[in-house]
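The structure appears below as structure tokens.
Start at 1 and go down the list; that is how both ligands and their atoms are numbered. Side-chain atoms are counted along with the backbone in the values below, which use heavy atoms only and exclude waters and symmetry mates.
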Amino acid sequence: MSDLVQLTKDQDVAIITINNPPVNALGPGVPEGISQAVKEVTQDESVKAAVLMGAGRTFVAGADIKEFGKITSGKTARGAGLLPLLRQIEDCPKPVVMAIHGTAFGGGLELAMSGHHRVGAPDAQVGQPEVKLGIIPGAGGTQRLPRLAGVAKAVEMCAQGNPIPAREALDYGILDRLIEGDLLTGAIAFARAVLGKPAPKTRERNQKLGTPEQNAPIFAAARELARQKQRGMIAPLAAIDAVEAATRLPFDEGCEVERKLFNDCLFSDQSKAFIHVFFGEREVAKIPDIPKETPIIPVNSVAVVGAGTMGGGIAMVFANAGIRVLLKDADPPALDRGMEVIRKNYSSSVRRGRFTQQFVDERLQLIKPVLGYDDFDKVDMAVEAVFEGMQLKKEVFGQLDRGCRPGAILASNTSTLSIDEIASATARPEAVIGTHFFSPANVMRLLEIVRGKASSKAVIATCMQLSKKLGKVGVLVGNCRGFVGNRMFGPYRREAQFLVEEGASIEAVDQALYDFGMAMGPLATGDLAGLDVGWRIRKEFRHLEKPGTRQPFAEDRLCEMGRYGQKTGAGWYKYDENRRAILDPEVVDSLRKWSAEAGIPQRKISPEEIVDRCILALVNEGARILEEGIAVRAVDIDIIYLNGYGFPAYRGGPMWYADTVGLNKVRDRISEFHRQQGELWEPAPLLKRLAQEGKTFAEYHQSQDLTAA
Ligand code: T1G
């Protein structure tokens with residue numbers, strides 16, 4: 001037996017144990033080991049039944065995702081896949097009981113469903129998350145799951161890709177029993193209890209497949225939901241087609257339909273992008289010059305300075321992670337308002353079923369409103385979240401320097417200002433770091449962790465690890481104006497304004513980017529965030545603008561009219577009481593007038609140009625950020641844009657998208673804009689170099705570390 005799969009016995013029950021850490025993925029050698037073990041179980045007359053389980057922390061969490069790249073690049077042929085193995089298990093003349101703990105996901109659940117029975121630990125989960133990788137179950141999952149759980153549950157699990165807990169799996173018939181206590185002991189007892197009884201083959205269990213009349217509305221609703229919630233994605237619709245085939249065709253033919261749909265998805269750009277994102281979200285946690293064994297500073301209590309929208313949201317983030325919070329505001333009414341907003345947010349989470357009332361009550365207990373810095377000497381970390389002005393931030397950091405104990409982490413939630421300048425207000429710059437949360441802080445997953453020149457490795461490592469505990473995707477970025485996300489968002493929104501000033505309609509600009517896959521168009525996004533935010537920053541940095549360089553004027557004008565966006569009921573659009581955007585003729589007329597006054601020739605602009613001007617503006621700035629070492633890798637920029645800016649995951653992020661288009665084409669298109677629009681479109685040197693060398697952003701790893709920025 002291979003060391004990946006062990007075969008032992010407990011008297012007349014064989015135990016097949018898969019041991020492929022960390023998640024028992026079905027990588028090379030594992031299916032072969034299982035097959036060999038099942039063969040020996042079949043031939044060994046002293047064996048009456050078998051239990052199959054995973055060693056370590058989980059049952060099988062799926063096929064080995066690393067293998068897909070080898071298949072799509074042609075390095076390895078896909079072959080027959082897991083189907084023959086699953087058929088061998090199902091046809092075993094002795095009952096095979098699957099014992100599930102941890103996460104039986106993807107191929108793991110498909111393996112489990114080929115068994116005759118399934119038992120699970122109460123905290124186990126099962127799922128077919130393949131659509132989150134841009135593929136569908138490829139080993140009979142879309143054919144066996146409806147036979148065990150019924151069509152509606154199967155199509156939901158395969159199309160949406162969310163796991164379900166063991167209790168629900170039991171209710172739907174995916175599990176036959178929950179095992180309290182030792183799983184293996186319980187599974188062996190279960191195996192003995194079914195000896196002599198019929199061993200059901202899942203592929204022959206057709207009772208739950210329903211009739212075409214019953215199923216038609218289920219598939220129609222699933223397709224409609226996929227079109228809305230998974231807009232632009234091909235895998236969810238393919239998964240629905242595969243489950244539908246299970247209700248219409250014999251098992252083997254259904255598997256053939258699944259196999260073709262799986263292959264179509266596997267070789268799609270979308271799947272390559274999703275797999276890039278899967279590994280990317282884990283890659284960003286690895287910082288080249290911060291060793292894994294860097295000591296972590298314990299963070300069990302935090303002080304948040306500023307009880308506004310961001311401060312309140314940040315206080316909730318820490319409380320939700322079970323960390324005690326002092327929420328400080330100098331102004332009693334502001335502090336009361338802040339606490340009121342927190343209570344309202346929590347109660348709406350209870351109403352939506354996201355949290356239980358008990359969870360919320362416990363979290364509220366963790367948040368203590370205070371007016372001063374008195375107890376700051378007891379906290380492990382302070383997070384400043386006051387108004388975005390350097391003077392005020394430096395005053396606060398002076399207070400933190402005096403009030404916090406030695407060794408405490410001093411973090412700023414600034415979205416654009418210099419961490420180094422903020423740190424200069426303290427005598428401990430090594431303790432200062434940026435923790436840029438995205439609004440609403442208690443919802444958005446992205447956390448930009450901004451490294452100052454002096455930020456210590458322990459402070460950086462602690463914040464990177466803390467982000468996972470806070471349920472955030474933490475990405476380390478260098479210290480420059482706007483860091484990574486906002487620095488790139490500037491040119492993106494600048495181009496959107498230019499396009500409107502040149503004659504594109506407001507709705508055409510937003511629609512083009514929405515159709516590209518962005519969660520929201522760039523102009524509507526400005527209305528959501530508040531046009532005054534950018535207006536204030538432009539005024540603060542006006543003196544840095546290069547004379548003679550074209551600057552957008554539309555949003556400044558809208559702000560001068562008091563049109564800040566949703567917060568004032570009007571910005572680019574006007575908003576009804578449900579915050580629904582309505583085109584405003586007043587703005588359309590004003591734009592025409594302003595553009596005429598500015599002497600900007602009006603022209604018809606295609607959706608393709610709109611997308612290229614906005615998206616390639618992101619890419620060009622991203623290339624500069626990469627070359628300056630402000631981002632560690634291209635994938636870091638991608639992860640920032642997927643988790644903080646609504647970039648479509650099925651395109652992998654702006655840098656991955658550019659690689660998919662091809663850097664030669666990207667360089668040529670940017671050069672074209674450079675000729676038309678002037679120096680703002682100067683192609684980034686790194687882009688030109690990689691295009692010249694036939695390389696991709698994904699391959700690029702700069703030599704210098706982040707502190708060089
Ligand atoms: N293949 C390869 N590596 C994997 C992996 C997988 N399926 N799952 C996890 N890893 C690596 C991961 O990259 C990380 O590596 C380490 O394991 C720990 O993971 C045939 C075709 C199981 C819930 O989509 O959801 O089956 O960074 O940090 O937070 O029809 O991993 O340490 O070097 O995420 O405790 C379907 C994907 C595959 C499950 C554990 N299965 N994995 O979460 O740890 S397609 C999935 C997860 C398929 C079939 C189809 C999570 C987890 P490193 P981690 P975690």
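- Listed by number with element, the atoms of ligand 1 under 4.0 Å from a non-hydrogen atom of A139 are 30 (O).
- Protein heavy atoms are found inside the 4.0 Å sphere centred on atom 27 (O) of ligand 1.
- Between G107 and ligand 1, an N or O atom pair is found at a separation short of 3.5 Å.
- The option with the heavy atom closest to atom 43 (O) of ligand 1, from among K132, R57, E67, is R57.
- Looking at I135 next to ligand 1, no N or O pair under 3.5 Å apart turns up.
- Taking each of F274, F59, F105, F68 in turn, the one with a heavy atom nearest to atom 45 (S) of ligand 1 proves to be F68.
- Between M444 and P440, the closest side-chain pair of non-hydrogen atoms falls below 4.5 Å.
- Atom numbering of ligand 1 starts at 1 in the shown order; those under 4.0 Å from a heavy atom of K66 are 2 (C), 3 (N).
- Per-atom contact check: atom 52 (C) of ligand 1 does not touch the protein, criterion being a heavy-atom distance below 4.0 Å.
- At the shortest separation from atom 29 (O) of ligand 1 among protein heavy atoms lies K468 NZ, 3.9 Å.
- Residue P137 has at least one heavy-atom neighbour below 4.0 Å for each of these atoms of ligand 1: 30 (O).
- For atom 11 (C) of ligand 1, the closest non-hydrogen atom on the protein side is P22 CG, 4.5 Å.
- When each of L85, L82, D64 is paired with L26, the side chain to side chain contact (heavy atoms under 4.5 Å, CB included) condition holds for L82 and for no other.
- Compare A25, G161, G62, A63 by their heavy atoms: the one nearest to atom 7 (N) of ligand 1 is in A63.
- Side chain to side chain, T696 and E699 meet the donor-acceptor criterion of an N or O pair below 3.5 Å.
- Under a 4.0 angstrom heavy-atom cut-off, G141 registers as lying outside contact with ligand 1.
- The shortest distance between side-chain heavy atoms of V151 and F219 falls below 4.5 Å.
- The distance from ligand 1 to the heavy atoms of F262 drops below 4.0 Å at these ligand atoms: 21 (C).
- For the pair V635/W656, no side-chain contact is recorded, criterion being any heavy-atom separation below 4.5 Å from C-beta on.
- Between F647 and Y657 the shortest side-chain heavy-atom distance falls below 4.5 Å.
- With a 6.0 Å radius and a threshold of 12 heavy atoms from other residues, nucleotides or ligands, R259 has its CZ atom above the threshold.
- The side chain to side chain contact (heavy atoms under 4.5 Å, CB included) test with M381 singles out one residue from V459, I323, T435, and that residue is T435.
- Counting protein heavy atoms only, atom 50 (C) of ligand 1 is closest to E130 OE2, 3.3 Å.
- Looking at V23 against ligand 1, only its side chain comes within 4.0 Å, counting heavy atoms.
- Every heavy atom of E283 sits 4.0 Å or more from the atoms of ligand 1.
- Within the 4.0 Å heavy-atom criterion, both parts of A61, backbone and side chain, lie near ligand 1.
- Inter-residue side-chain proximity for K472 and L446 is flagged as unmet; no heavy-atom pair is nearer than 4.5 Å.
- Ligand 1 places these atoms under 4.0 Å from at least one heavy atom of G106: 26 (O), 36 (C).
- Side chains of N162 and K132: a donor-acceptor N/O pair is present below 3.5 angstrom, by distance only.
- The side chain of E110, and not its backbone, has at least one atom closer than 4.0 Å to an atom of ligand 1 (non-hydrogen atoms only; side chain from C-beta on).
- A 4.5 Å side-chain heavy-atom check between P648 and M518 finds at least one atom pair inside the cut-off.
- Taking 4.5 Å as the limit, some side-chain heavy atom of I65 sits within range of a side-chain heavy atom of L133.
- To the nearest 0.5 Å, atom NZ of residue K286 and atom CZ of residue R633 are 9.0 Å apart.
- Checked against a 3.5 angstrom limit, the closest N/O atoms of T103 and ligand 1 fall outside it.
- When only non-hydrogen protein atoms are considered, atom 1 (N) of ligand 1 lies nearest to I65 N, 2.9 Å.
- Protein heavy atom in closest approach to atom 2 (C) of ligand 1: D64 OD1, 3.3 Å.
- Note: Y645 and F438 have perpendicular aromatic rings, judged against thresholds of 30 and 60 degrees for the angle between ring planes.
- Protein heavy atom nearest atom 31 (O) of ligand 1, with residue, atom name and distance: R282 NH2, 4.0 Å.
- The residue T58 has no part lying near ligand 1, judged by heavy-atom distances below 4.0 Å.
- Atom 32 (O) of ligand 1 has its closest protein heavy atom at K286 NZ, 4.8 Å.
- Below 4.0 Å from some heavy atom of F279 lie the following atoms of ligand 1, by number and element: 13 (O).
- Considering backbone and side-chain N/O atoms, G138 comes within less than 3.5 Å of an N/O atom of ligand 1.
- Side-chain contact, N320 with R363: no donor N or O sits under 3.5 Å from an acceptor N or O.
- Annotation: side chain of Y172 is not in contact with side chain of L148 (no heavy-atom distance under 4.5 Å).
- Inspection of the E258 and T142 side chains reveals an N or O donor paired with an N or O acceptor under 3.5 Å.
- Nearest protein heavy-atom neighbour of atom 37 (C) of ligand 1: F278 CE1, 3.6 Å.
- For atom 34 (O) of ligand 1, a protein heavy-atom neighbour is found at a distance under 4.0 Å.
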